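Chain letters run A, B, ... following the sequence lines, proteins first, then strands; residues in each count from 1. Because only heavy atoms are used, hydrogens play no part in the values below, and waters and symmetry mates are left out as well, while side chains stay in. All of these numbers come straight from a predicted model, not from anything done at the bench.
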Amino acid sequence: MAVLEIILVVFLVFSALMAVRFDEELISIIFLSIFSLILTALYLLHKAADVALAEAVIGAGLNTAIFMSAISQIRHGDSD
Amino acid sequence: MFTNLVFIILFMIGFYALVMKTNLIKNVIGLNLMEAAVFFWVISFSDIGGEVAIHKMGEEMTKFNDPVPQALTLTGIVIGASTAALLLTLIIELNKFSGTIDREKIEGLND
Amino acid sequence: MEIPTETQPEVESLNKLMKKTLISVVLAGVAFALYQNFSLMPGYEGLNVGLSNYIIESGLKDTGSLNLITAVLYDYRAFDSLGESTVIFGAVSGIVLILSRKMLPVSSKGLSFIVKRTLGIMTPFIALFGLYVITHGHLTPGGGFQGGVILAAISIIFSIVYGSAFDYRRYSPQTKTALETGGALTFLGLGLAGIFMEGAFLHNLGFLTAETGTLISAGSIPYINIGVGFKVGAGLAIIFYSMIQKTFEEDF
Amino acid sequence: MPIRLIAAYFLMITGSAFAIVTVLGLLRFPDVYTRIHAGAVVLTISAVLVTMGTAIYVWDFFLSAKIILIGIFFLFSNPMATHAIARASYKREIALPKEYEIDAYSDYLGRDV
């Protein structure tokens, strides 16, 4: 159990770093979705089923859709 | 100890994105990361090795994980999603007038 | 007065370097403060004393709900959940005020034929799963918030796959508003019924309690679940519908 | 060890091997469409095999039925999502080669909606 948790936490920190590192917003949002998915698995490991369901539905599903619809209507001006 | 270390690392990544990045959407992502760090800390700290806090029919169970922090975390996740949506709406509306989402290039904010 | 143009970028880069150094110092200070804070923190002994112990011991007897988290959310701390619904309502109001839309939305033709047919088969099952999560909130993991977001996902699917005009025809904003208001009024009405029948706001209604473990048990918890589910689902659907103004107008 | 557990572990390990093949394909292939090919075909059968193994491992009627329903959901949704991604990236002209050798899809684009 502890080995699985350590592996998941390593992936969690990696995906958080990747979400911050890149300049393009689309890659950041995809990595944020992966972050939420790994966090769901960690919640299930810690025996919190309700929180895991909420995180899967909201973090990996709804947040991604809202962020996508936000970045698709943002116009980058001439000063690029 | 492990949990505290993970919390500090995730929180500092989010704080870094909030302070250093000038892209406003990256700031919202950093805010989300900080929230997730706090929720992970609460859930992982209140795990004492018990079962999921749901009774099974016909069994007498007493060793559960603490249900109160889980309920508070559930509240926080939903509120985090709606505040993120509100912040993104403000960013969209700001972008309509200024044409950029870089907070250093918006005119009139820092001169 | 003449500004020396050669030194201007140098000053600017120096300024930026100072700013970065300062922010790095602040980050290191916050990290050290967090570390120091954790070394001072006592261990976790929440289950032996106090509130958590009481809820684990007698939560099933008090409320009749098998899921103790639902019992905390909709019975012991139901006022907190009411506040959360108010926060969602505030977010919906702000978003709709900022991004208000007066005309019929600019719609796309949606995705391809394969996706439309497949989702036409799958959407009723998604709705069934959402309703299952909502109504079994006191027996299995889940509840109003999670099931409500699953119901909001159906509206998102309609907007993306079939075009937002389809979403407008099927579930118009008036319908969504009515659903959200109805959910909030259900919650408030059950709270007021708690005042008149049991003597406290949002008190669990005793006469509704049936045998533990069946679908209609646990007093007023399933009805509050249904109300919160429709409120959260309709609210998040309104949020997404307001945010996609010109998003998907091109044909994929 | 009963033969049921052996069958369950066999199915799960086969599914995991397919998942590893998927990751290899995602890392090795050059552009979007070949990567989509790797992710689609292999990942679908991998997820279905793992859910079947889990259903045999649990061996309770209602629980197994729910897990098999999840597998059927994968079988529907994964090819559909792959199709949508590939079609969108074709229409956006992401990573298309400069000169087409075989481009049979462009004739069909005007027809279906």
How close do [X] and [Y] get, counting heavy atoms only, and between which atoms?
| X | Y | answer |
| --- | --- | --- |
| A:A70 | B:I92 | CA-CD1, 3.9 Å |
| A:L39 | B:A36 | CD2-CB, 3.8 Å |
| B:F40 | A:Y43 | N-OH, 3.6 Å |

Can you tell me how far the [atom1] atom of [X] sits from the [atom2] atom of [Y], to the nearest 0.5 Å?
| X | Y | atom1 | atom2 | result |
| --- | --- | --- | --- | --- |
| A:K47 | B:I48 | NZ | CD1 | 11.0 Å |
| B:I29 | A:E25 | CD1 | CD | 8.0 Å |
| A:I74 | B:L24 | CD1 | CG | 8.5 Å |
| A:R21 | B:I13 | CZ | CD1 | 13.0 Å |
| A:I71 | B:I91 | CD1 | CD1 | 11.5 Å |
| B:I43 | A:L45 | CD1 | CG | 12.5 Å |

For the candidates A:D23, A:I29, A:L62, which exhibits the highest count of non-hydrogen atom pairs separated by less than 4.5 Å from chain B?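 Of the options given, most contacts go to A:D23.
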Engaged part of [X] at the chain A interface, taking heavy atoms whose separation is under 4.5 Å:
| X | value |
| --- | --- |
| B:I101 | side chain |
| B:V6 | side chain |
| B:Y16 | side chain |

Within a 6.0 Å radius of atom [atom1] on [X], are there more than 12 heavy atoms belonging to other residues, nucleotides or ligands?
| X | atom1 | answer |
| --- | --- | --- |
| A:F11 | CZ | no |
| A:F14 | CZ | no |
| A:F31 | CZ | yes |

Determine whether a donor-acceptor pair (N or O, by modelled atom type, separation under 3.5 Å) exists between the side chain of B:K26 and the backbone of A:F22. yes
Interface residue of largest heavy-atom contact number with chain A, from B:N32, B:I54, B:T73, under 4.5 Å: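 The answer is B:N32.
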What option among B:L74, B:D47, B:I9 has the most heavy-atom pairs under 4.5 Å with chain A? B:D47
Can you say whether [X] sits under 4.5 Å from chain B via the side chain, the backbone, both, or neither, judging by heavy atoms?
| X | result |
| --- | --- |
| A:V9 | side chain |
| A:L32 | side chain |
| A:I66 | both |

Which members of residues 48-55 of chain A, sorted by number, sit under 4.5 angstrom from chain B on a heavy-atom basis?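 Those residues of residues 48-55 of chain A which have a heavy atom under 4.5 Å from chain B are A:A48, A:A49, A:D50, A:V51, A:A54, A:E55.
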